[in-house]
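To keep things clear, I will list the structure first and then write my remarks on it.
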Amino acid sequence: MTPAAASSERWAELVELYEYRVADTVQGRVPRSGRRALADLREELLSAPLESALYRRLLAADRQFRAHQKTLSKPPAAPPAPPQPTVWDAAQSSESEEARAWEELQMLAWGDAARAALQDHMTAWRREPGLLSLRVLYAALENAERAGQPGLAGQTPFAVPRLHDPLTDLDNPQVLQVLVEATVDLLVQPSGCERLGTALAQVQATPFPRHPDEDVLRAWVEAAEREPLAPQAKDTLIQALHSQFEPPRDPRERPAIRQAARDLGQRLGPLLAGGTPPALGGVPHHSVLYAAQPHTALRAPDDGADELVVWLPGASGVRWRDTSFQWQAIGQNWQLQAGNQITLLQPQADPAERRVTLELPHLQFRAFVSGAYLLLRAHTDPQADLSRLLALGRAVALLLDPAESYAALRLGRAAAQLLREGRVDPAGLTASSAAKYTLASPTALLDFARKGAEALCAQLTPHSTQEILDILRSAARPLWLTGDWEDRLAGALDIAVHHREPLPAALKQTRVTLPSDTSGICVELRDDPPLSLQFGARALTLRRDFRREWSAIMPGHAPLALHDLTVARVPGFNVILARHGTWLAAAAQPDREAAGAPP
């Protein structure tokens with residue numbers, strides 16, 4: 001066994017001994033050799049040059065030891081005071097179970113996203129001829145981990161390994177997966193992003209750090225040259241001295257390595273700059289579905305959001321993003337059903353096992369569990385989602401047009417009858433039947449029109465553009481409508497079924513004017529200052545209310561809740577708003593009847 005291996009084995013045995021002694025202490029027993037020996041062993045290990053895995057084991061055991069010491073130092077609890085009447089709900093502190101679960105869920109989700117981004121990069125880096133990016137990342141990761149360990153900080157930096165170095169084995173896919181996991185583990189640490197960024201900068205500045213034994217080798221060579229030996233013997237001696245050290249690196253590699261480190265820093269920039277989720281010090285108000293506390297309880301799931309946090313004991317199911325979720329407790333675990341897929345959530349498992357993927361026909365979800373709290377994250381393409389919703393919103397806006405006693409809405413119902421039953425019943429679709437639409441609230445009418453548009457799109461999916469037009473014209477004949485309602489509705493439904501609304505690049509502005517040609521725009525929602533949409537002589541402000549729910553506000557009108565798809569009917573316009581997370585697609589469609597223009 002080499003001296004290095006023997007030393008590593010010794011440190012592993014000492015860490016294991018420390019774990020046993022801590023376990024004895026936590027369980028109330030006196031550790032072997034006494035508490036003084038435990039304190040001495042702890043001090044020695046905290047300053048020892050441990051490997052990464054051993055250092056993590058040491059920190060885990062030390063956390064248990066320090067937590068136990070805190071419990072011993074606490075004064076005895078005073079007798080409980082009589083309960084006082086509750087006059088207000090205090091905010092959840094960072095020590096509450098809900099706050100800890102919230103922070104852990106956000107950390108798990110952030111790490112999962114970082115892992116996916118790194119794996120995408122790995123696919124490209126594996127195809128590089130010299131594996132430069134992987135070699136640079138390996139060296140930077142090693143140096144960043146050393147910088148976080150007190151016993152290893154200040155050592156000679158690890159140099160970028162050679163190509164096909166057998167000790168790194170970067171051609172092995174399993175090694176690359178370990179590299180991804182190690183990078184994620186580093187990034188979720190408090191100063192991990194900063195340490196990795198610093199290590200990349202160091203590699204860029206000094207690809208091959210100077211070895212501390214270079215001066216020793218130079219002194220030996222100079223001493224050998226002074227020896228009174230024959231030239232051939234002197235050369236043999238000098239070669240033997242050089243063979244004991246690693247051969248020098250080719251200086252021509254330096255520019256390529258520096259460029260690779262620069263490129264790597266740019267590609268990892270979003271991860272290094274974004275960092276891990278900030279510690280919020282508590283749970284944001286109105287952000288947890290079915291929560292017991294009123295101030296953290298979310299009133300209803302938001303279909304326009306990318307994620308949903310649920311307190312599982314509060315209910316047994318929810319419908320979100322057109323998907324039905326059901327769950328039940330099984331011992332310490334939770335069984336979750338999404339659509340027809342069933343999975344087991346294990347809060348007691350390792351972090352890597354507390355995330356699962358739910359593959360459904362229309363959408364992919366990632367589920368994370370912490371205690372009794374579940375985080376669902378929908379994996380969709382924001383641009384495609386906004387385009388689809390905006391196209392559907394145009395059909396919904398047309399159905400909401402009150403002109404000719406809601407002619408478009410009556411025509412849509414007639415087309416649904418024709419597709420479902422093969423005939424139209426005009427007696428139930430007369431102009432007088434539309435009186436109930438006038439009396440309905442804007443929210444109820446919007447929900448009814450959206451369900452009708454979605455049902456029509458599902459029924460019309462197998463049909464071509466011409467067939468859709470023929471179906472709408474056949475449905476319009478028994479209604480005796482004037483104008484071009486069937487052509488307009490057929491065009492809107494065809495786009496919603498077979499096409500997507502084209503959207504320009506997203507804007508990051510606080511005041512945006514909607515195009516007068518009814519085309520759509522994409523813009524980022526923000527809290528401060530709020531987003532203002534200008535159309536004609538009017539403006540619509542989008543901001544969060546006291547429940548942290550997005551609302552559309554216009555002077556003289558009641559606030560309108562901003563869901564994943566909202567159609568705001570204001571004098572002269574139908575404003576179509578499609579939301580995906582904090583991104584919004586919007587378009588202003590003139591209302592011909594409200595504007596007083598001829599049909």
Side-chain angles (χ1 to χ4, degrees), residues 285-286 298-300 302-305 386 389-403 406 408-409 437-451 453 492 501 503-504 506-597:
H285 284 195
H286 307 292
L298 181 65
R299 183 174 56 176
D302 183 4
D303 283 332
L386 290 175
L389 287 172
L390 192 59
L392 177 65
R394 293 193 184 276
V396 173
L398 189 56
L399 294 178
L400 291 175
D401 194 331
Y406 287 94
L409 191 52
Y437 304 141
T438 306
L439 300 176
S441 66
T443 302
L445 189 59
L446 173 59
D447 291 342
F448 180 74
R450 178 176 180 176
K451 290 178 181 177
E501 181 84 11
L503 288 174
L507 304 173
K508 293 187 178 182
Q509 301 175 4
T510 59
R511 194 173 186 85
V512 179
T513 300
L514 298 182
S516 58
D517 60 356
T518 75
S519 61
I521 57 100
C522 185
V523 66
E524 182 184 14
L525 287 169
R526 56 185 66 204
D527 289 316
D528 187 23
L531 174 64
S532 178
L533 299 179
Q534 190 81 27
F535 50 94
R538 300 182 178 274
L540 194 68
T541 302
L542 303 173
R543 63 174 10 140
R544 292 185 190 269
D545 60 12
F546 69 97
R547 297 189 186 93
R548 297 187 70 253
E549 297 175 358
W550 288 103
S551 298
I553 303 171
M554 192 178 70
H557 295 262
L560 189 63
L562 186 61
H563 301 294
D564 60 329
L565 177 61
T566 304
V567 178
R569 289 188 50 77
V570 297
F573 292 93
N574 285 323
V575 182
I576 305 167
L577 305 169
R579 183 170 67 87
H580 180 105
T582 57
W583 291 98
L584 181 83
Q589 196 163 287
D591 186 337
R592 293 187 298 181
E593 181 181 83

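Counting begins at 1 with the first residue of the sequence.
Rounding to the nearest 0.5 Å places NE2 of H580 at 14.5 Å from CG of L565. Atoms CD1 and CG, from I576 and L392 in turn, are 9.5 Å apart once rounded to the nearest 0.5 Å. For the atom pair CG of L389 and CD of E501, the computed distance is 11.0 Å after rounding to the nearest 0.5 Å. Here T443 contributes atom OG1 and F448 contributes atom CZ; the two are 15.0 Å apart, rounded to the nearest 0.5 Å. Atom OG1 of T513 and atom CD1 of I521 lie 9.5 Å apart (nearest 0.5 Å). From H563, atom NE2 reaches atom CG of D303 across 8.5 Å, with rounding to the nearest 0.5 Å.
Side-chain atoms of Y406 and L445, non-hydrogen and from C-beta on, do get closer than 4.5 Å to each other. Contact annotation: the side chain of E549 never approaches that of D302 to less than 4.5 Å [non-hydrogen atoms, C-beta and beyond]. Looking at Y437 and L400, their side chains never come closer than 4.5 Å, going by heavy atoms from C-beta outward. Counting only heavy atoms from C-beta outward, the side chains of V567 and R450 never approach each other to under 4.5 Å.
Heavy atoms only, all atoms of each residue included: L298 and H286 are closest at CD1-O, 3.4 Å. Closest approach of L398 and A408 over heavy atoms only: O-CB, 3.1 Å. The two residues M554 and A539 have their closest heavy-atom pair at CG-O, 3.2 Å. Of all non-hydrogen atoms in P504 and C522, the two that sit nearest each other are O-CB, 4.1 Å. N574 and R569 get closest at one heavy-atom pair: OD1-NH1, 2.7 Å. What you find for A587 and L514 is that their closest heavy atoms are C-CD1, 4.1 Å.
For the pair R543 (side chain) and D545 (backbone), a donor-acceptor distance under 3.5 Å is absent.
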Please lay out, stage by stage, how F535 and V570 fare under the test side chain to side chain contact (heavy atoms under 4.5 Å, CB included).
-> CA-CA 11 Å; F535 50 94; V570 297; 3.5 Å; yes
Intermediate values then yes/no, side chain to side chain contact (heavy atoms under 4.5 Å, CB included), L525 and R544 = CA-CA 10 Å; L525 287 169; R544 292 185 190 269; over 6 Å; no
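Checked against L577 for a side chain to side chain contact (heavy atoms under 4.5 Å, CB included), the options L560, D564, L533 give a single hit: L533.
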